[in-house]
Amino acid sequence: MDFSSVSTVSIIPLIMAEWTECMNFGMAIAREVSEVILEAFKAKKDVMLKSSPADLVTETDQRVEKMLISALRARYPAHKFIGEESVAAGEKLELTEAPTWIIDPIDGTVNFVHRFPFVAISIAFAVNKQTEFGIVYSCVEDKMYWAQRGRGAFLNNVPLHTSGQQDITKSLVVTEIGAERDDVALSTMTTNIMNLLKVPIQGIRAVGTAAVDMVLVATGGADAYYHIGMHCWDIAASALIVQEAGGVVLDTDVHAKPATEEDQLILLPRVPGFLHFVEEDKHPAIMPDLWQEAMDHAVALARKAGGIVREALQNDMKIMCKSSSVDLVTKTDQKVEQLIIASVKEKFPTHSFIGEESVAAGEPCVLSDNPTWIVDPVDGTTNFVHGYPFVAISIGFAANKQLEFGVVYSCLEDKMYTARKGKGAFCNGEPLQVSDQTDINQSIIATEFGSNRDPEVVDKIFSSMRKVLCLPIHGMRGVGTAATNMCLVAAGCVEAYYEIGIHCWDIAAGAVIVSEAGGVLMDVEGGPLDLMSRRVVAANNKTIAQRLTKEIEAYPAQRDDAPINSKE
């Protein structure tokens, strides 16, 4: 477009209109090439290494980038490009004043390889070294995030706003456990996380893609994101989305230099994310057996409870603390548990119960031979408080001290995971199968940082994490709910999950789902799983599980079934 004969006052809207056309074309191309990613998502991939054993690239990364640049270059031949795979292949990385597209074809390649459901196409557009618009398409979720400078940020065309949280001790922080595995990088990473946990913040999450981490901050689902070691293509689009949602973007060393697109800290002030829910019951048809009626009732209750959770996300939540300032409970936790127990008592009056909130209120945690419902009404309460999109209702059922079925409803994703002993595991009616990976070096491992801030416990958590990372594995993830982590093992998205300090209500349902999907369960020291021990390893196979236990620095946690007068 030739602007030589146009007045300065009228140039601005003309330029904005041209960049809007570019942005719309960018979104259309992102959706088009996502079909290639989604088609390849479930297939086995040929994986190549870049800078480290955890820095992966696939043929799909390269193919998608070529498709994007080819389509954009055909339409805008005068524009320049910075692409992750192009730079990896030796092209010069240079941001000039010319219109420039900054592209990450698959942000979250490790996730893509392992079918972990966060994979994004990230496209930014800069002119005069200033980002004009950003597009992040989380294609497995079908969520299109976008922002245009001065015009706000949006998710599927619904406005986004960052959270209003000003107190860091009430914040949820997102980071990544990156591909760098040298001593300096590992030491810096663990020190930074330990410092945050000592604040203490309410939780740390890691989903494996910088672009998605940052847009979760833009939705108000998390309060901050920080990372050192990512690249301009990882953050260029999402940085603008964060800013247009009301957030700020800073360098990690805010006193040393102004913000750049190299090392970023996002600190944000919350509005719940906007989600679409499907209400039809899709749980799998299972042959009638002794406990089928109970399982059907559990599925119906989980869906009803999920509705209560989603409704509560739109309202102000009253938050209370249990064992520590980061061990939270809300009235919704209590309301959901009361709903489940009251309904079950009416239908099955002779059954027993172990409920998280009931035990917190002083009831004994006893697993007898009687049919027993083991209930976590809101698994991921810290996520719930922050609007972070992993919150589950977990209902396990045992008879004669043997787990018979498990129901985990990830209600913000509308994913109903179910399993009946001997009948298989399912998600929304589709069979689940664990990963067939046997090499732990080629694995993703899930864990959590927990709510215990005792320095000795924190030291052991990080000692284990460092050993696991140094194997080296492909990556480490943590979505903030034990039940969901276990379902991700069952779905083949991660190879293993381990944690010390969880409770029987966190893992009872997930344990059945993992087992029925072909996985294994054991103690962190390699023995059989003891549901009351507050320690678990859930893995795709025995080879991965046993190798993982060799790296875990085990410590005892006070048992769930310890006498009440012996508990702190």
field: Straight-line distance of Ser464 OG to Ile445 CD1, nearest 0.5 Å
entry: 12.5 Å

- request: Take Arg547 and Leu471 through the side-chain contact (heavy atoms from CB on, under 4.5 Å) test and state the conclusion after the steps.
  value: CA-CA 10 Å; Arg547 183 67 186 87; Leu471 287 172; 3.1 Å; yes

Pairwise distance NE2(His474) to CD(Gln437) - rounded to 0.5 angstrom: 7.5 Å

task: Measure the spacing between SG of Cys493 and CG of Asn485 and express it to the nearest 0.5 Å.
output: 11.0 Å

- prompt: Is the backbone N or O of Val174 less than 3.5 Å from a side-chain atom of Asp213, with the two atoms forming a donor-acceptor pair by type?
  reply: no

field: Side-chain donor-acceptor pair present, Asp414, Tyr409, cut-off under 3.5 Å
entry: yes

field: Passing option when Val512 is tested against Val407, Ile507, Leu403 for side-chain contact (heavy atoms from CB on, under 4.5 Å)
entry: Leu403

- prompt: In Å, rounded to the nearest 0.5 Å, how long is the span from CD1 of Ile500 to CD1 of Ile552?
  reply: 6.5 Å

task: Decide ring pair (Phe, Tyr, Trp, His ring centres under 6.0 Å) for Trp291 and Phe405; before the verdict, give the C-alpha distance in whole Å, the side-chain angles of both, and the deciding distance to 0.1 Å.
output: CA-CA 8 Å; Trp291 304 122; Phe405 68 74; 8.2 Å; no

- request: Grab the two heavy atoms, one from Met486 and one from Gly510, that are nearest each other, plus how far apart they are.
  value: CE-C, 3.6 Å

query: So, are Arg466 and Asp183 salt-bridged, with charged N and O less than 4.0 Å apart?
result: yes

message: Taking Val366's backbone N and O only, do any of them form a donor-acceptor pair with Asp561's side chain (distance below 3.5 Å, no angle check)?
response: no

task: Determine, stepwise, if the pair Val110 / Val113 fulfils side-chain contact (heavy atoms from CB on, under 4.5 Å).
output: CA-CA 5 Å; Val110 174; Val113 169; 5.7 Å; no

- request: Let me see the working for Asp142 and Tyr137 under side chain to side chain donor-acceptor pair (under 3.5 Å), right down to the final yes or no.
  value: CA-CA 7 Å; Asp142 190 25; Tyr137 183 40; 2.6 Å; yes

- line: Val520 meets the side chain to side chain contact (heavy atoms under 4.5 Å, CB included) criterion, sequence neighbours left out, with Ala539, Ala545

field: Ser463: partners by side chain to side chain contact (heavy atoms under 4.5 Å, CB included), with sequence neighbours left out
entry: Lys467, Glu553

- request: Name all pairs fulfilling the side-chain hydrogen bond (donor to acceptor under 3.5 Å, both in side chains) condition that reach into residues 506-524, sequence neighbours left out, sorted by first residue then second.
  value: Asp523-Arg535

Heavy-atom closest contact (Val489 atom, Ala496 atom, distance): CG2-C, 3.8 Å

task: State, without any angle test, whether His386 and Gln165 hold a side-chain donor-acceptor pair at a distance under 3.5 Å.
output: no

- prompt: Of all residues at least two apart in sequence or in a different chain, which pass the side-chain hydrogen bond (donor to acceptor under 3.5 Å, both in side chains) check with Asp454?
  reply: none

- prompt: How would you list, by chain and number, every residue that makes a ring-ring contact (aromatic ring centres under 6.0 Å, His included) with Tyr498, sequence neighbours excluded?
  reply: none

message: Check whether Glu499 reaches the backbone of Thr447 with its side chain - one donor and one acceptor, N or O, closer than 3.5 Å.
response: no

message: I'd like to know if the side chain of Glu495 reaches the main chain of Ser443, judged simply by a donor and an acceptor atom lying under 3.5 Å from each other, with no hydrogens or angles considered.
response: no

message: Just to verify, what does Glu141 make a side chain to side chain contact (heavy atoms under 4.5 Å, CB included) with, not counting sequence neighbours?
response: Phe118, Ser138, Lys143

- prompt: When you measure from the side chain of Arg534 to the backbone N and O of His503, does any donor-acceptor pair fall under 3.5 Å?
  reply: no

- prompt: Does the pair Thr60 and Thr109 meet the rule for a side-chain contact (heavy atoms from CB on, under 4.5 Å), with working shown?
  reply: CA-CA 9 Å; Thr60 306; Thr109 298; over 6 Å; no

- request: Go through the structure and list residues passing ring-ring contact (aromatic ring centres under 6.0 Å, His included) with Phe116, not counting sequence neighbours.
  value: none

query: CD1 of Ile228 to CD of Glu176: how many Å apart, nearest 0.5 Å?
result: 13.5 Å

Check: Ser122/Asp107 side-chain N/O donor and acceptor closer than 3.5 Å: no

field: Interatomic spacing from CG in Leu488 to CD1 in Ile444 - rounded to 0.5 Å
entry: 9.5 Å

- prompt: Considering residues at least two apart in sequence or located in another chain, which fulfil the side-chain hydrogen bond (donor to acceptor under 3.5 Å, both in side chains) criterion with Thr549?
  reply: none

field: Residue pairs, two or more places apart or on separate chains, that pass side-chain hydrogen bond (donor to acceptor under 3.5 Å, both in side chains) and touch residues 369-379
entry: His351-Trp373, Ser352-Asn370, Asp379-Thr481

Summary of ring pair (Phe, Tyr, Trp, His ring centres under 6.0 Å) pairs that have at least one residue in residues 434-466, sequence neighbours excluded: Phe449-Phe462

query: Is the backbone of Cys365 close enough, under 3.5 Å, to the side chain of Asp560 for a donor and an acceptor to pair up by distance?
result: no

query: Does any N or O in the side chain of Glu404 come within less than 3.5 Å of the main-chain N or O of Lys421, such that one atom is a donor and the other an acceptor?
result: no

message: Quick one: does any side-chain atom of Asn541 pair with a main-chain N or O of Thr543 as donor and acceptor, under 3.5 Å?
response: yes

task: Would you please classify the geometry between the Tyr388 ring and the Phe390 ring as parallel, tilted or perpendicular, with 30° and 60° separating the classes?
output: tilted

- request: With sequence neighbours excluded, tell me which residues meet side chain to side chain contact (heavy atoms under 4.5 Å, CB included) with Thr188.
  value: Val184, Asn192

- request: Go through the steps to decide whether Ile193 and Met189 satisfy the test side-chain contact (heavy atoms from CB on, under 4.5 Å), and finish with yes or no.
  value: CA-CA 6 Å; Ile193 296 177; Met189 180 270 294; 3.5 Å; yes

- line: For Asp459, the salt bridge (Lys or Arg N to Asp or Glu O under 4.0 Å) test, sequence neighbours excluded, returns none

Any donor-acceptor pair under 3.5 Å from Asp333 side chain to Glu357 backbone: no

